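Just below is one structure, and these are the notes that go with it.
Computation of the quantities below employed the complete heavy-atom set of this structure, encompassing side-chain atoms and omitting hydrogens, waters and symmetry-equivalent molecules. Chain A is the first sequence line, chain B the second, and so forth, proteins listed ahead of strands; every chain is numbered from 1. A quick note: this is a predicted structure, and the numbers were derived from the prediction, not measured.
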Amino acid sequence: MSKPPLGKKPDDEGAAEAALIAARKAKTARVRERGENPFANDVTERERGTPLTRLAEVRAHHDADKRDDGRHDRDKVAARAARFRVAGRILFLRSFGAGAFVRLRDATGELQLYCQEPVLGQAFSRLEDLDLGDFVEAEGESMATDKGELSINPTTIRLLTKAHRPLPTKTSFKDVEQRYRRRYVDLVANKEVQAAFRARTAIVSSLREFLDGRGFLEVETPTMSTIVGGALARPFKTHHNALDLELFMRIAPELYLKRLVVGGFERVYELARCYRNEGISTRHNPEFTMLEYYQAYATYHTLLDQTEEMLRFVDQRLAERMPEAHAGWVAGRTFSFERFCRVPMSELVSSALERAGLPADVATTVGAADAPIKEWAKLAKGKGREIDWANFRKGAQKCAGAGEALFCAYEYLAEPFLTRDYRTDDGNKSVPVFVVDYPLEVSPLARKKDADGSLTDRFELFVDGREICNAFSELNDPDDQAARFEAQVEKKAQGAEETMDYDEDYIRALEYGLPPTAGFGMGVDRLTMLLTSSPSIRDVILFPLLRPEEGG
RNA sequence: GGGUCGAUAGCUCAGUCGGUAGAGCUGCGGACUUUUAAUCCGUAGGUCCAGGGUUCGAGUCCCUGUCGACCCA
């Protein structure tokens, strides 16, 4: 690292922080003067002659020595005492005249050292060079204090890694922006943060387990492509120099995965990092992870059942792997997976109208100049339903056909009230709702219903009012697909930004034959938010996109 | 894009009516041999987000901007 130019402040450090860092560096120098390495490396059994024991293993060794209150019995621990070499980060440091408590943490848990001058001898003075946040190694017999705290009574202790920057104090680290910018500090300082990310990993691995167990093949498809497809969203652009090619980061893996079904992989899935050049909010990060899977010889009905199964499976696995945290999250949940509802979109609209006390033709006449919107608003308000009439009307006026109008009506009349309208029998929790049978116009890749060509064999799942899954029976008629691409190109020509490109190679693939197939997509980030009761997507993405720091 | 709230010590936060910048924790020095947010004594630490305005005087009032959080689209 180079030094900052003269006259410029080093980073954003104030003088006070610089002083804290200088004080720690002085300790580093003292350690060096003693001939010790403040960034030691010789920690393995090969160098030390004894194995390093994880903190949880020390606890496990004395598991049977616990009293009824969960503390440790001094005599029992003494009877089973053994010598351990342990290492970890100092989370807590308190010294007395001739004694000191040092609480260590490693990935498995925490354990304290009870350091005594008579036992450590000259090495006791080394404690002066230790700070909160340092990594240390200690070796000694296990013991319990009078207060029943399992401890190590070290005969040796040494610094492994000096932390030059102070960790936040026990008042904790709450500045939300800094927590995201310095996630490494957030993870140390805020315990529940680690739990959310461990949950994310557990969720992803149980999704794999679920699909692998059903004969799905996990694949990886391109994240850069010359064509934008598979969803409706604005892409990021990039450039390949050697080929002088403008490329787009993928917004969805869909079209590649279906090509693989054409090729004979009848069940494929991808945990796909996707990129969408859109706003940032508590539910949106520019890069996010989507699970998509495709299953030949299945329909969206198959996937309705499978989705319920999958969500229950994942939640069950999470409960098994993180029982304590899971119990806490479940207690905070306002939804339940006990029962799911399946309702056609048109029915959602008509029943929403009924619940709001509105006439049946609202959806078709809201765009008209003489629509009695004030009157309707009054009616709906009387039923406790605040509808965004201004935007509803604007949206309705832009609708090209009956399908778009139905979708618009659903968006404003029904979707905002899903959690209110669909509840468990006791009324305490919301019930997840499958919104079934989407209009053709808003579903450019889904198969038309055989019985009604204005609708598609498609559903979305809303849990707790949030969209989690999108799935449909795939459109496999190449001519129909070509016509839908053309409609998208037409929209783009008229200025629409969220459209798909015409993908000739995909049409060619369909011409070779895509068997009847059902496809499924789910936001992994949003699922994790849901299961861990996290209010923001940034709580489940380790390094969310942030504006760069000044001078950084 | 619109609205609400916020930015003061390394961290968490006070700051009254506009009148010398505060606390706890952290740090540093000291006391203390079983602490769990220890306790006690001492001490250090500030571009009050930036710019402009009002005023004898602005952390405080006004305007503009930057950044952030939340809600809505």
Side-chain angles (χ1 to χ4, degrees), chain A residues 8-27 30 69-72 74 77-78 90-105 110-120 124 127-134 143-153 163-182 185-186 188-190 278-284 386-395 398 408 411-412 415-416 465 497 534-539 544-552:
Chain A
K8 264 187 121 182
K9 278 187 296 177
D11 298 327
D12 54 348
E13 280 163 31
E17 184 172 20
L20 292 179
I21 291 170
R24 285 169 176 247
K25 286 187 175 174
K27 292 180 185 176
R30 282 214 301 264
D69 62 0
R71 318 285 303 172
H72 283 83
R74 229 182 137 172
V77 169
I90 299 177
L91 280 190
F92 183 86
L93 187 61
R94 178 176 299 152
S95 73
F96 290 73
F101 296 94
V102 181
R103 175 164 285 265
L104 298 188
R105 181 198 282 171
E110 297 179 8
L111 188 69
Q112 81 170 11
L113 311 175
Y114 175 43
C115 302
Q116 293 170 285
E117 187 164 20
V119 179
L120 269 167
F124 190 77
L127 292 171
E128 288 169 14
D129 298 323
L130 299 181
D131 285 300
L132 238 55
D134 291 353
M143 60 165 288
T145 63
D146 283 349
K147 299 279 167 68
E149 182 72 29
L150 185 65
S151 309
I152 296 286
N153 182 15
H164 280 168
R165 279 178 188 271
L167 285 169
T169 59
K170 61 195 163 226
T171 44
S172 97
F173 186 50
K174 289 181 183 162
D175 183 305
V176 181
E177 186 191 352
Q178 288 306 320
R179 283 184 43 221
Y180 298 144
R181 287 200 191 281
R182 307 188 192 186
V185 178
D186 190 27
V188 175
N190 299 312
E278 294 167 354
I280 295 177
S281 79
T282 42
R283 288 185 295 278
H284 300 87
E386 292 275 2
I387 291 161
D388 183 353
W389 290 99
N391 283 312
F392 181 19
R393 178 171 215 173
K394 257 191 247 168
K398 273 193 249 167
C408 180
E411 263 191 312
Y412 287 99
E415 197 191 291
E497 277 174 332
S534 296
S536 169
I537 197 166
R538 288 172 162 186
D539 298 327
L545 185 70
L546 301 170
R547 197 180 296 269
E549 279 180 288
E550 283 294 307

**Prompt:** Between C28(B), U33(B), U36(B), which nucleotide gets closest to the side-chain atoms of Arg71(A)?
**Reply:** U36(B)

**Integer angstrom distance from the P of G10(B) to that of G46(B)** = 8 Å

**Asked** Leu167(A) has an atom CG; how far is it from atom P of U12(B), in whole Å?
**Response** 13 Å

**C1' spacing across the pair G22(B) / G30(B), given as an integer number of angstrom** = 25 Å

**Message:** Counting the atoms with a prime plus P, OP1 and OP2 as sugar-phosphate, which does Glu117(A) contact under 4.0 Å by heavy atoms, base, sugar-phosphate, or nothing?
**Reply:** nothing

**Asked** How is Pro118(A) classified with respect to the nucleic acid when contacts are heavy atoms under 4.0 Å: base, sugar-phosphate, or nothing?
**Response** base

**Request:** Look through every strand shown and name the nucleotide pairing with G59(B) as Watson-Crick or G-U wobble, where both distances are under 3.5 Å.
**Result:** none

**Message:** Checking base pairs now: Watson-Crick or wobble, both atom distances under 3.5 Å. What partners U33(B)?
**Reply:** none

**Message:** Distance check, rounded to the nearest 0.5 Å: Glu149(A) atom CD versus Tyr114(A) atom OH?
**Reply:** 13.0 Å

**Prompt:** For C48(B), what is the paired nucleotide under Watson-Crick or G-U wobble rules, both distances under 3.5 Å?
**Reply:** none

**Fill in**
Taking for Lys27(A) and for Tyr412(A) the nucleotide of RNA chain B with the nearest heavy atom, the one nearer the 5' end belongs to Lys27(A)

**Asked** Looking only at atom P, what distance separates U4(B) and C63(B), rounded to whole Å?
**Response** 12 Å

**Asked** Within this structure, what is the CG-to-P distance between Leu111(A) and U36(B), rounded to whole angstrom?
**Response** 18 Å

**Request:** Once you apply the 3.5 Å cut-off to both distances, tell me the Watson-Crick or G-U wobble partner of A23(B), or none.
**Result:** U12(B)

**Request:** With the side chain of Phe96(A) defined as its heavy atoms from C-beta on, choose the nearest nucleotide among U12(B), A73(B), A38(B).
**Result:** A38(B)

**Message:** Let me spell it out: for each of Thr145(A) and Leu132(A), pick the nucleotide of RNA chain B with the closest heavy atom. Which residue's pick is nearer the 5' end?
**Reply:** Leu132(A)

**Message:** When the C1' atoms of G2(B) and A14(B) are compared, how many Å lie between them, rounded to an integer?
**Reply:** 33 Å

**Request:** Write down the distance between CZ (Arg179(A)) and C1' (G68(B)), rounded to a whole number of angstrom.
**Result:** 13 Å

**Asked** Between Asn190(A) (side chain) and Phe173(A) (backbone), is there a donor-acceptor pair under 3.5 Å?
**Response** yes

**Fill in**
Rounded to whole Å, CD of Gln112(A) lies from C1' of U33(B) at a distance of 13 Å

**Item:** Candidate nucleotides A38(B), U34(B), C11(B), ranked by approach to the side chain of Phe101(A) - the nearest
**Value:** U34(B)

**Request:** Could you measure between the two C1' atoms, the one in G18(B) and the one in C62(B), and give it in whole Å?
**Result:** 13 Å

**Message:** Just the rounded figure in Å: distance from P of A9(B) to CD1 of Ile21(A).
**Reply:** 16 Å

**Asked** In chain order, what residues pass the salt bridge (charged side-chain N to carboxylate O under 4.0 Å, His left out) check against Glu411(A), with sequence neighbours excluded?
**Response** none

**Asked** What interatomic distance, in whole Å, is found between P of C56(B) and the corresponding atom of G24(B)?
**Response** 38 Å

**Item:** Which nucleotide in C11(B), G27(B), A38(B) has an atom nearest any side-chain atom of Phe173(A)
**Value:** C11(B)

**Asked** Taking Arg71(A) for the side chain and Ala144(A) for the main chain, is one N or O donor matched with an acceptor at less than 3.5 Å?
**Response** no

**Prompt:** If we call it a pair only when both distances are under 3.5 Å in a Watson-Crick or G-U wobble match, what pairs with G42(B)?
**Reply:** C28(B)

**Prompt:** Where the side chain of Thr282(A) is concerned, which of U34(B), C71(B), A73(B) is the nearest nucleotide?
**Reply:** C71(B)

**Request:** Could you check how far CG of Asp146(A) sits from C1' of U34(B), rounded to whole Å?
**Result:** 5 Å

**Prompt:** Does C32(B) have OP1 or OP2 sitting under 4.0 Å from an N or O in the side chain of Ser95(A)?
**Reply:** no

**Prompt:** Given the P atoms of C11(B) and G27(B), what is the spacing between them in whole Å?
**Reply:** 15 Å

**Message:** In this structure, how many angstroms lie between the P atom of G10(B) and the CG atom of Asp131(A), rounded?
**Reply:** 17 Å

**Asked** Can you say whether the rings of Phe101(A) and Phe96(A) are parallel (under 30°), tilted (30 to 60°) or perpendicular (over 60°)?
**Response** perpendicular

**Complete:** Looking only at C11(B), U36(B), C70(B), the nucleotide nearest the Arg103(A) side chain is U36(B)

**Asked** Whom does G68(B) pair with, Watson-Crick or G-U wobble, provided both distances fall under 3.5 Å?
**Response** C5(B)

**Item:** From Glu177(A) atom CD to Arg182(A) atom CZ, the distance as rounded to the nearest 0.5 Å
**Value:** 10.0 Å

**Request:** Searching all strands shown, indicate the nucleotide that pairs with G18(B) (Watson-Crick or G-U wobble; both distances under 3.5 Å).
**Result:** none

**Item:** Under 3.5 Å side-chain donor-acceptor pair for Asp175(A) and Tyr180(A)
**Value:** no

**Asked** Between atom NZ in Lys174(A) and atom C1' in G6(B), what is the gap in whole Å?
**Response** 15 Å

**Message:** Rounding to an integer number of angstrom, what distance separates U34(B) and C70(B) when you compare their C1' atoms?
**Reply:** 46 Å

**Message:** Using a 3.5 Å distance criterion without hydrogens, assess whether the side chain of Ser281(A) forms a donor-acceptor pair with backbone atoms of Arg283(A).
**Reply:** yes

